[in-house]
Amino acid sequence: MKKPLKNIKFLPSFLILLFGILLILNPIVCRENVAKAIIICGQVLIPSLFPFGVCVLFILKSDALKPINPSFLIFLFSLLGGYPMGAKLINEEVLSKRLDRENAEKMLHSCVNAGPAFIVSAVGAGVLNSQKIGYVLLVSHILASLVICLISSPIRQNKTEKREYISPIDNFVVSAAESAKAVISICGFVILFSVLTGYLEYYGNRFPILIPLIYLTEITVAVTKTRNIVLISFLLGFSGFCIWAQVLSVGKDIKINIMKFAFFRLIHGTLSAVFTYITLKIIPLEIPVFSNGVNFSFKPFVSGASLGISLLVLGIIFVFSLSNTRENRKILEEFI
């Protein structure tokens with residue numbers, strides 16, 4: 001028994017070595033997919049995650065919504081901001097000692113969610129050419145998350161630890177820096193897994209056994225590979241290995257049991273698929289015949305009102321922060 005387990009330990013190193021060999025033997029696949037991933041990061045991830053992340057972190061750090069239960073706020077923002085926003089906010093609660101690591105892990109089970117923009121705009125309207133189907137997927141996704149939230153143990157906030165007061169300027173700078181750090185980490189994983197998915201697609205024609213891995217690796221690619229709405233609903237709940245890596249990165253201070261985390265991803269995906277199946281039986285919806293999974297254009301927040309609203313909020317926060325500074329000559333020092 002010990003020898004097989006010992007051999008398994010070398011599997012990750014072997015896979016990384018194999019990945020490195022592929023980079024050398026076929027660098028064109030790497031180059032093309034890195035370019036695509038950078039475009040996705042610039043047009044989708046950074047505009048949607050960075051401004052929203054700064055706003056959310058500023059609000060939570062300033063105790064502006066103190067009367068409201070922090071756990072509820074994090075759950076709400078995880079639904080609005082999409083993955084991995086929930087993990088980032090839970091990690092902040094752990095760092096501020098308002099939430100212990102065990103309860104943080106329980107909370108994480110229901111806070112790994114796809115945002116409305118991705119499900120409705122990207123998957124529904126962009127991939128399936130049906131906004132109505134996008135709303136069905138969104139409702140199913142949220143219901144599954146709520147069920148997991150209800151069956152999980154109640155989350156207890158630590159009452160003994162109080163967060164020290166932080167000035168608006170310091171809050172703004174720290175929130176922007178932490179949000180930027182998280183987004184850079186996320187973009188790194190998106191680029192890496194985009195390359196991995198590229199190789200899986202390239203060699204999938206020769207080795208069909210690799211094709212299922214495409215569905216489990218990167219959610220953006222996975223939803224374009226099938227016309228099955230129920231399967232897409234499952235994939236949105238499962239989220240994919242790329243999202244898992246992002247959650248583990250931004251939630252490094254949370255005590256995450258990877259097996260338990262994977263189990264709840266499967267539960268979320270299964271519940272989402274069941275809710276979608278039931279909804280489609282009650283309200284039959286069909287994918288338009290002219291829809292396809294090849295042309296996938298996703299530009300939420302770039303030309304929409306959300307980015308403008310986020311920037312406006314940041315501007316208002318910044319102005320009020322400056323007005324609260326006692327001495328104008330210290331503004332530059334506070335920024336530095």
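Numbers here are sequence positions counted from 1. Just so you know, these numbers come straight off a predicted model, no measurement behind them. Keep in mind that the numbers below use all heavy atoms, side chains included, and drop hydrogens, waters and symmetry copies.
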Residues, nucleotides or ligands: over 12 heavy atoms within 6.0 Å of [X] [atom1]:
X    : atom1 : result
L15  : CG    : yes
F263 : CZ    : no
F19  : CZ    : yes
I258 : CD1   : yes

[X] side chain to [Y] backbone, donor-acceptor under 3.5 Å:
X    : Y    : answer
S78  : G86  : no
H268 : H141 : yes
S179 : F50  : yes
S96  : E93  : yes
S233 : S272 : yes
D253 : N91  : no
T224 : V221 : yes
S194 : N33  : yes
R265 : K260 : no
S175 : N171 : yes

What are the two closest non-hydrogen atoms of [X] and [Y], and how far apart are they?
X    : Y    : value
I119 : V123 : O-CB, 3.3 Å
T270 : F234 : N-CD1, 3.6 Å
I214 : A222 : O-CB, 4.1 Å
C111 : I74  : SG-CG2, 4.3 Å
A104 : V94  : CB-CG2, 3.5 Å
T226 : N228 : OG1-N, 3.0 Å

Among the clusters formed by ILVMFWY side chains lying less than 4.5 Å apart, do [X] and [Y] turn up in the same one?
X    : Y    : result
L285 : I229 : yes
V54  : L95  : no
L17  : L22  : no
Y199 : I16  : no
I209 : Y203 : yes

(request) Could you go through the side chain to side chain contact (heavy atoms under 4.5 Å, CB included) check for E201 and K225 one step at a time? (result) CA-CA 11 Å; E201 289 183 297; K225 298 296 180 182; 2.5 Å; yes

Mind checking whether [X] and [Y] have side chains closer than 4.5 Å, heavy atoms only?
X    : Y    : value
L236 : F118 : yes
V147 : F275 : yes
I232 : L128 : yes
L231 : L235 : yes
L196 : F241 : no
L57  : V174 : no
Y83  : Q246 : no
V247 : F261 : yes

(message) The test is side chain to side chain contact (heavy atoms under 4.5 Å, CB included); show your working for C30 and V195 and say whether it passes.
(response) CA-CA 5 Å; C30 176; V195 174; 4.1 Å; yes

(message) Set out, in order, the CA-CA distance, both residues' side-chain angles and the distance that settles side chain to side chain contact (heavy atoms under 4.5 Å, CB included) for L99 and I254, then state yes or no.
(response) CA-CA 10 Å; L99 196 65; I254 306 172; over 6 Å; no

Once you round to the nearest 0.5 Å, how far does [atom1] of [X] lie from [atom2] of [Y]?
X    : Y    : atom1 : atom2 : answer
I278 : L143 : CD1   : CG    : 10.0 Å
S140 : Y277 : OG    : OH    : 13.5 Å
L18  : S13  : CG    : OG    : 12.5 Å
F264 : S145 : CZ    : OG    : 11.5 Å
L200 : L213 : CG    : CG    : 5.5 Å
N113 : F77  : CG    : CZ    : 14.0 Å

(request) Applying salt bridge (charged side-chain N to carboxylate O under 4.0 Å, His left out), run through E92 and K88 and close with a yes or a no. (result) CA-CA 6 Å; E92 287 297 315; K88 173 62 179 174; 3.2 Å; yes

(request) Output, in order, the C-alpha distance, side-chain angles, deciding distance and verdict of ring-ring contact (aromatic ring centres under 6.0 Å, His included) for F238 and W244. (result) CA-CA 9 Å; F238 182 76; W244 292 19; 5.1 Å; yes

(request) Would you check if there is a donor-acceptor pair between the side chains of S185 and S249 at a distance under 3.5 Å? (result)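 S185 and S249 do have a side-chain donor-acceptor pair below 3.5 Å.
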
(message) With a 4.0 Å cut-off on N to O distance, would you call R101 and E105 a salt bridge?
(response)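 Salt bridge between R101 and E105, a charged N being under 4.0 Å from a carboxylate O: no.
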
(request) Apply the test side chain to side chain contact (heavy atoms under 4.5 Å, CB included) to residues V139 and T279: give CA-CA distance (whole Å), side-chain angles for both, the deciding distance (0.1 Å), then the verdict. (result) CA-CA 10 Å; V139 172; T279 303; over 6 Å; no

